[in-house]
Structure formats: structure tokens, C-alpha cells
Amino acid sequence: MENFDLHNHSTCSDGLLTPTQLIDLATRTGTDAIALTDHDNIDGLEEASAAARRAGIGFVPGVEISVSWGETTLHVVGLNVDPASAVLRDGLEGIRVGRLQRGRQIGAALAKVGFDGTLEAALALAGNETLLSRTHFARHLVERGAAKDIQNAFDRYLARGKPAYVSHRWASLEEAMEWILSSGGVAVLAHPGRYDLKPMFRDEMLTQFKGLGGTAIEVVTGSHRPEQYAHWQRVALEYGFLASRGADYHGPGESPCEPGRLPPLGAALTPVWSSWAH
Ligand code: AMP
Ligand code: MN
Ligand code: MN
Ligand code: MN
């Protein structure tokens, strides 16, 4: 199997490496083609594409869109999107504006449990208020000793059901699909094993995603535990989805695997890239 890694972050969302640093890392690990898929943002694609050209590896322009499906937040990855698409650009801009407002509420909730000044600190880490992510709050909580690592900061404060969780309306599934498809991309459901959905709702979500033009689901991802791969392989085959593979890399010390260092997709699966010219 070719070493495609189709889910990675940079400083243009909540990653720690610049687009160029990310591409250089992927080159060192032997990645044949890499996608940059920042949250709700495509500003890094130009730099990443140029870096990949210099390094001689393949590049797939992508994005990871935040979607509200009922009370559940889903992530839908668009691959091979056209960064010049006005529909995509305008849509993403529209969902980014809410990040600062949500951040203020997260900051207020953290103050209530004893941590002052977290909004300012998280903003300084994000560098740009429209990129402000829970990950930036988590990094700050780790820095000040309130949590032992990022995962622990989510488990104690930031995950759904915890004291500083603030629910937020992102794009609808219909909108996200329309932005991806109208910009020439294919839609991939990110890390399906991370959504806390009862089986009936999970089936409904997958059926809706497929009905709206969804092509693939991630099976092998840094956001699944290895023991989950077989389950999502079965689901991909059952629903007739192509399969994707991606580290969901955020930075050194924060992600279980580096770009290009994941196990291959199971032989029974059809990779989402199988029909791409490369
Ligand atoms: P946001 O879009 O600001 O709500 O942040 C979502 C990001 O937070 C995800 O893309 C992950 O990078 C990170 N994240 C969410 N849940 C967890 C978790 N339980 N542990 C570690 N990181 C998480
Ligand atoms: Mn993230
Ligand atoms: Mn995600
Ligand atoms: Mn991601």
C-alpha cells in the first residue's frame, strides 16, 4: 500500500508545527502523500503545497469541518477541495467567527473552577482569535500545572459533560457536505469511533452522511485506538464506504503517531485515494 496520510493539523488550526514543518516531518517519515486538514481553515494549504513540491512528496489539499448533528459534534474531512472556492471559503469563515465568543464562555467557566486568565493565555497560544480551540485551553492548563497532559485537561475540564464544556453550533451536516462537494472535494467522516452515539443514531448518522454524498470513513487514524480498527473496517464494508487513513497529527508529544507512521489499511478495504491520479 502507498503511504498516504490524509488527516493532519498545523498552526493554521490547533497544530504545533507550521505547514512547512509538517511537510518536512512527513517527508522524513517516508509519507508518499499527505493532506493538511486544519479545523475550519484552509489558510495553510498554499504553504504546505509549495513545501510538498520542494520535498517531492504528494500533497492533498484538505480541511476538517466542525459539524453540529443534533447535540453531537462531528468532524467531516474534505479532501482535494479547491482552496479558491468561494462557497467553501465563505462557509468556513462563517463558522470560525463563533470561536472567540465560545472561548470567552470557556474562560468564564474555567474561572469558576479556580483558573483565572485562561482566555488571554489560550488566545496567545492560538495567535489568532478565529483559530481559538479547546486544544489551546488544554495546552495552557497543562503549562500551569492544572492537568498532567492534554488528554487529562479534556477529561477534567473541557470534554462534553465537564465543567468548562460549552456547547456550540457549528455547520449543519448538509452545509459542510455542500461546501466540500461544490468545491470539487470528497467527504470523509473523521474518526467515527470518537462520537458518543447510541447504535441507532450511529446508523442514522452514517446513512445520512452517505445520502448527502459522503464517500469514505476513516478507519486507521491516530484518533482511534488500534483495537477499534477492525470494527470500523466492518462498518466501512457494510455501508460501502471507501476507507481513509490519517494520523490526525497535532504536534510533537501530543499525538500517538507521526504523519505516515500508521499501520496500513486492511486489505479488504478500498482506499479513498485508489481512484486518484498520482
Ligand atoms: P474545538 O474544535 O475547539 O472544540 O476543539 C476540538 C479539538 O480538541 C479536536 O480536534 C482535538 O484536537 C481536541 N480534542 C477534543 N477532544 C479531545 C480529547 N478527549 N483529548 C484530546 N484532545 C481532544
Ligand atoms: Mn484538533
Ligand atoms: Mn477531529
Ligand atoms: Mn483532526
Side-chain angles (χ1 to χ4, degrees), residues 5-17 22 34-42 44 60 62-69 71-79 92 95-107 109-110 118-119 122-123 125-142 147-162 164-171 176 188-196 217-218 220-225 228 244-259 262:
D5 190 315
L6 300 177
H7 187 151
N8 292 282
H9 296 274
S10 76
T11 46
C12 290
S13 63
D14 58 350
L16 290 170
L17 303 186
L22 175 74
I34 182 169
L36 177 63
T37 55
D38 277 311
H39 296 287
D40 310 319
N41 191 307
I42 52 178
V60 178
V63 64
E64 181 175 19
I65 303 183
S66 311
V67 165
S68 292
W69 192 75
E71 293 309 304
T72 301
T73 300
L74 305 176
H75 285 172
V76 179
V77 165
L79 297 174
L92 295 177
I95 48 173
R96 282 198 304 267
V97 294
R99 282 190 172 269
L100 176 59
Q101 180 162 9
R102 182 190 62 155
R104 287 199 188 100
Q105 293 174 273
I106 295 175
L110 284 169
T118 59
L119 174 64
L123 277 171
L125 292 175
N128 174 336
E129 62 194 36
T130 71
L131 302 182
L132 182 62
S133 160
R134 283 185 291 161
T135 309
H136 300 112
F137 281 94
R139 284 185 189 132
H140 168 66
L141 289 169
V142 173
K148 73 172 165 32
D149 56 27
I150 301 274
Q151 181 64 54
N152 184 242
F154 274 88
D155 292 346
R156 293 174 72 167
Y157 305 110
L158 296 162
R160 187 158 75 165
K162 303 301 169 177
Y165 180 78
V166 174
S167 72
H168 189 72
R169 287 325 284 177
W170 303 104
V188 180
L189 182 70
H191 42 65
R194 279 221 343 219
Y195 311 123
D196 186 20
I217 66 172
E218 289 181 349
V220 173
T221 153
S223 285
H224 283 168
R225 296 183 308 280
Q228 292 178 291
S244 193
R245 170 180 184 264
D248 202 358
Y249 183 73
H250 283 75
E254 287 195 3
S255 297
C257 43
E258 291 187 316
L262 296 152

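What you are looking at is a predicted structure, and each value in this text was computed from that prediction instead of being measured. When a ligand or atom number is given, it counts from 1 through the structure's own listing order.
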Report task. For the Mn ion (ligand 2), find the closest N/O/S atom belonging to D14 and write down its atom name. Result -> OD2
Report summary line: Checking distances from the Mn ion (ligand 4), one finds that the N, O or S atom of D248 closest to it is OD1
Query - Residue-ligand contact H168/ligand 1, heavy atom below 4.0 Å - result: no
Query - Any N/O pair T135/ligand 1 closer than 3.5 Å - result: yes
Requested in this report: Can you sort out which atoms of ligand 1 are near Q151, meaning under 4.0 Å from one of its heavy atoms?
Outcome: 18 (C), 19 (N), 20 (N), 21 (C)
Report task. Would you please determine whether R194 falls within less than 4.0 Å of ligand 1 on a heavy-atom basis? Result -> yes
Report task. Determine, using heavy atoms of R99 and all atoms of ligand 1, whether some pair is separated by less than 4.0 Å. Result -> yes
**Report entry** Closest candidate by heavy atom, reference atom 21 (C) of ligand 1, pool F137, W170, F154
**Finding:** F154
Report task. Could you tell me whether the side chain of R245 and the main chain of L262 form a donor-acceptor pair under 3.5 Å? Result -> yes
Query raised in the report: Can you tell me if D248 uses its side chain to pair, donor with acceptor, with the backbone of H7 under 3.5 Å?
Result: no
Query raised in the report: Under 3.5 Å, N or O to N or O, is D14 touching ligand 1 that way?
Result: yes
Query raised in the report: Please, which pairs that meet side-chain hydrogen bond (donor to acceptor under 3.5 Å, both in side chains) have at least one residue in residues 96-107, sequence neighbours excluded?
Result: D40-R99
Query raised in the report: In the protein, what heavy atom is nearest to atom 6 (C) of ligand 1, and what distance, to one decimal place, separates them?
Result: R134 NH2, 3.8 Å
Requested in this report: State whether the side chain of H224 and the backbone N or O of G193 hold a donor-acceptor pair below 3.5 Å, judged by distance alone.
Outcome: yes
Query - L158 and ligand 1 - part of the residue with a heavy-atom distance under 4.0 Å - result: neither
**Report entry** the Mn ion (ligand 2) to H250: nearest N/O/S atom name
**Finding:** NE2
Report task. Examine the side chains of H250 and D14 and answer whether a donor and an acceptor come within less than 3.5 Å of each other. Result -> yes
Report task. Evaluate whether atom CG of D196 has more than 12 neighbouring non-hydrogen atoms of other residues, nucleotides or ligands under 6.0 angstrom away. Result -> no
Query raised in the report: Between R102 and ligand 1, which part of the residue brings a heavy atom under 4.0 Å of the ligand: side chain, backbone, both or neither?
Result: side chain
Report task. Examine H9 and say whether one of its N/O/S atoms is closer to the Mn ion (ligand 2) than 2.8 Å. Result -> no
Query - Donor-acceptor under 3.5 Å (Y195 side chain, H75 main chain) - result: yes
Query raised in the report: Sub-3.5 Å donor-acceptor pair from the side chain of S68 to the main-chain atoms of W170, do we have one?
Result: yes
Query raised in the report: Considering only heavy atoms of H250, which atoms of ligand 1 have at least one such atom less than 4.0 Å away?
Result: 12 (O)
Query - Among T11, L16, N8, side chain to side chain contact (heavy atoms under 4.5 Å, CB included) partner for L22 - result: N8
Query raised in the report: Just by distance, do the side chain of D5 and the backbone of A247 share a donor-acceptor pair under 3.5 Å?
Result: yes
Report summary line: Looking at H7, the N, O or S atom sitting nearest the Mn ion (ligand 4) is NE2
**Report entry** Worked verdict on L132 versus L123 for side chain to side chain contact (heavy atoms under 4.5 Å, CB included)
**Finding:** CA-CA 6 Å; L132 182 62; L123 277 171; 3.9 Å; yes
Report task. Quickly, which of H191, E218, R194 forms a side chain to side chain donor-acceptor pair (under 3.5 Å) with S223? Name it, please. Result -> R194
Requested in this report: Would you mind naming the N, O or S atom of E64 nearest to the Mn ion (ligand 4)?
Outcome: OE1
Requested in this report: Report the part of H9 (side chain from C-beta onward, or backbone N, CA, C, O) that has a heavy atom under 4.0 Å from ligand 1; answer both or neither where that applies.
Outcome: neither
**Report entry** Considering only N, O or S atoms of H39, the one closest to the Mn ion (ligand 2)
**Finding:** NE2
Query - Pick from S133, G103, S66: the one approaching atom 5 (O) of ligand 1 most closely through a non-hydrogen atom - result: S133
